[in-house]
Amino acid sequence: MWVKQRGAKAQVVNNESNVPAPVSFYSLSTVLTSGKELSFGKLRGRKVLLVNTASDCGYTGQYAELQKLYQHSREDLEIIAFPANDFKEQEKGTDEEIAAFCTKSYGVSFPIAKKSHVVKGADQHPVYRWLTKKELNGWNDKDPSWNFSKFLINEEGMLTHYFEPSVSPVGEEMIGAVHS
């Protein structure tokens, strides 16, 4: 069920009915820029924030806010960036270049997945297929609307929130959802 909490540009929607996922979030995994596989089963018991990112976007400065959120909430929250070039060619770098940019420019210490496609289509990353198909996650069919769209998973592996790109990672909506 979609519940709109703010205006369209700062839209936050949530799984108000607590619909469980037919396919377990913990069955998923991704490959990081380091080449190591991250099994989401290892994240059981923690909240997880998945963010599609880009290095040349008006929202790229949110990397600093994501890092701040990560530093203040790392006991309870994992953040995983998914670089994607799906919106106006704003992520042209290689995996190595993206990782170096994030570390050097923003001090990012949370995991960064290999560059992938996050919007629906034949090449869509399996994690984003799960996030955007209600048949898999229980309620959400919405694609990321732009770079820095955010999806929050709770400690039980349930997709609880979708945040539009303009919602700040350190804003009250995000902080409230992360610490609820």
Query - Gap between atom OG of Ser24 and atom CD of Glu156 - 0.5 Å precision - result: 11.5 Å
Query raised in the report: Is there side-chain contact between Lys36 and Val31, with at least one heavy-atom pair below 4.5 Å?
Result: no
Query raised in the report: Taking side chain as C-beta onward, heavy atoms only, is Ser55 less than 4.5 Å from Pro83?
Result: no
Query raised in the report: If you count the non-hydrogen atoms of other residues, nucleotides and ligands that lie under 6.0 Å from NZ in Lys114, is the total more than 12?
Result: yes
Query - Which atom of Val48 lies closest to which atom of Ile80, heavy atoms considered - result: CG1-CD1, 4.2 Å
Query raised in the report: Is there a side-chain contact between Leu49 and Ile153, using heavy atoms and a 4.5 Å cut-off?
Result: no
Query - Val51/Leu66 under side-chain contact (heavy atoms from CB on, under 4.5 Å): CA gap, chis, key distance, verdict - result: CA-CA 9 Å; Val51 186; Leu66 288 165; 4.0 Å; yes
Report summary line: Of all heavy-atom pairs linking Ala21 and Leu136, the shortest is CB-O, 3.6 Å
Report summary line: Output for pair (Gln67 CD, Ser109 OG), nearest 0.5 Å, gives 3.5 Å
**Report entry** Closest non-hydrogen atom pair, Thr53 against Glu91
**Finding:** O-OE1, 4.3 Å
Query raised in the report: Is the shortest heavy-atom distance from the side chain of Leu131 to the side chain of Tyr162 under 4.5 Å?
Result: no
Report task. Classify the angle between the aromatic ring planes of Phe110 and Tyr63 as parallel (below 30°), tilted (30 to 60°) or perpendicular (above 60°). Result -> parallel
Requested in this report: Taking Asp95 for its side chain and Thr33 for its backbone only, find out whether a donor-acceptor pair lies under 3.5 Å.
Outcome: no
Query raised in the report: How about Lys142 and Glu164: do any of their side-chain heavy atoms sit closer than 4.5 Å?
Result: yes
Report task. Report the C-alpha distance between Asp76 and Lys47 in whole Å, list the side-chain angles of each, state the deciding distance to 0.1 Å, and finish with yes or no for salt bridge (Lys or Arg N to Asp or Glu O under 4.0 Å). Result -> CA-CA 6 Å; Asp76 304 314; Lys47 289 189 177 174; over 6 Å; no
Query raised in the report: Phe40 and Tyr26: aromatic ring centres closer than 6.0 Å?
Result: no
Query raised in the report: Nearest heavy-atom pair of Ser29 and Ser39: which atoms, and what distance?
Result: CB-CA, 3.8 Å
Query raised in the report: If every non-hydrogen atom of Leu32 is compared with every non-hydrogen atom of Pro111, which pair is closest and at what distance?
Result: CD2-CB, 3.8 Å
Query raised in the report: Are Tyr128 and Pro144 side-chain neighbours, meaning at least one heavy-atom pair lies under 4.5 Å?
Result: yes
Query raised in the report: Can the ring centres of His161 and Phe163 be said to be less than 6.0 Å apart?
Result: yes
Report task. Ignoring hydrogens and angles, state whether a donor on the side chain of Asp56 or Gln90 is under 3.5 Å from an acceptor on the partner side chain. Result -> no
Query raised in the report: What distance do Asn18 atom CG and Leu159 atom CG have between them, rounded to the nearest 0.5 Å?
Result: 11.0 Å
Query raised in the report: Between Phe87 and Trp146, how do the two ring planes meet: parallel, tilted or perpendicular, split at 30° and 60°?
Result: tilted
Query - Expected output: side-chain Asn14 to main-chain Thr160 donor-acceptor under 3.5 Å - result: no
Report task. Answer whether the closest heavy-atom distance between the side chains of Glu97 and Thr94 falls below 4.5 Å. Result -> yes
Report task. Can you establish whether the number of heavy atoms outside Lys120 located under 6.0 Å from its atom NZ is more than 12? Result -> yes
Query raised in the report: Can you tell if the side chain of Val170 reaches within under 4.5 Å of the side chain of Met174, non-hydrogen atoms only?
Result: no
Report task. Report yes or no: do Leu69 and Tyr59 belong to one cluster of Ile/Leu/Val/Met/Phe/Trp/Tyr joined by side chain heavy-atom distances under 4.5 Å? Result -> yes
Requested in this report: Kindly indicate, with the supporting measurements, whether the criterion side-chain contact (heavy atoms from CB on, under 4.5 Å) is fulfilled by Tyr106 and Thr60.
Outcome: CA-CA 10 Å; Tyr106 297 100; Thr60 301; 3.8 Å; yes
Report task. Enter the distance from Leu50:CG to Phe151:CZ here, rounded to the nearest 0.5 Å. Result -> 8.5 Å
Query - Between CZ on residue Phe101 and CD on residue Glu96, distance to nearest 0.5 Å - result: 15.5 Å
Query - Gap separating the CD atom of Glu89 from the CG atom of Asn85, nearest 0.5 angstrom - result: 4.5 Å
Query raised in the report: Looking only at heavy atoms, what is the nearest atom pair of Val118 and Gln124, with distance?
Result: O-NE2, 3.0 Å
Query raised in the report: Do Val127 and Met158 belong together in a cluster built from hydrophobic side chains that touch within less than 4.5 Å?
Result: no
Requested in this report: Answer yes if the ring centres of Phe82 and His125 are under 6.0 angstrom apart, and no otherwise.
Outcome: yes
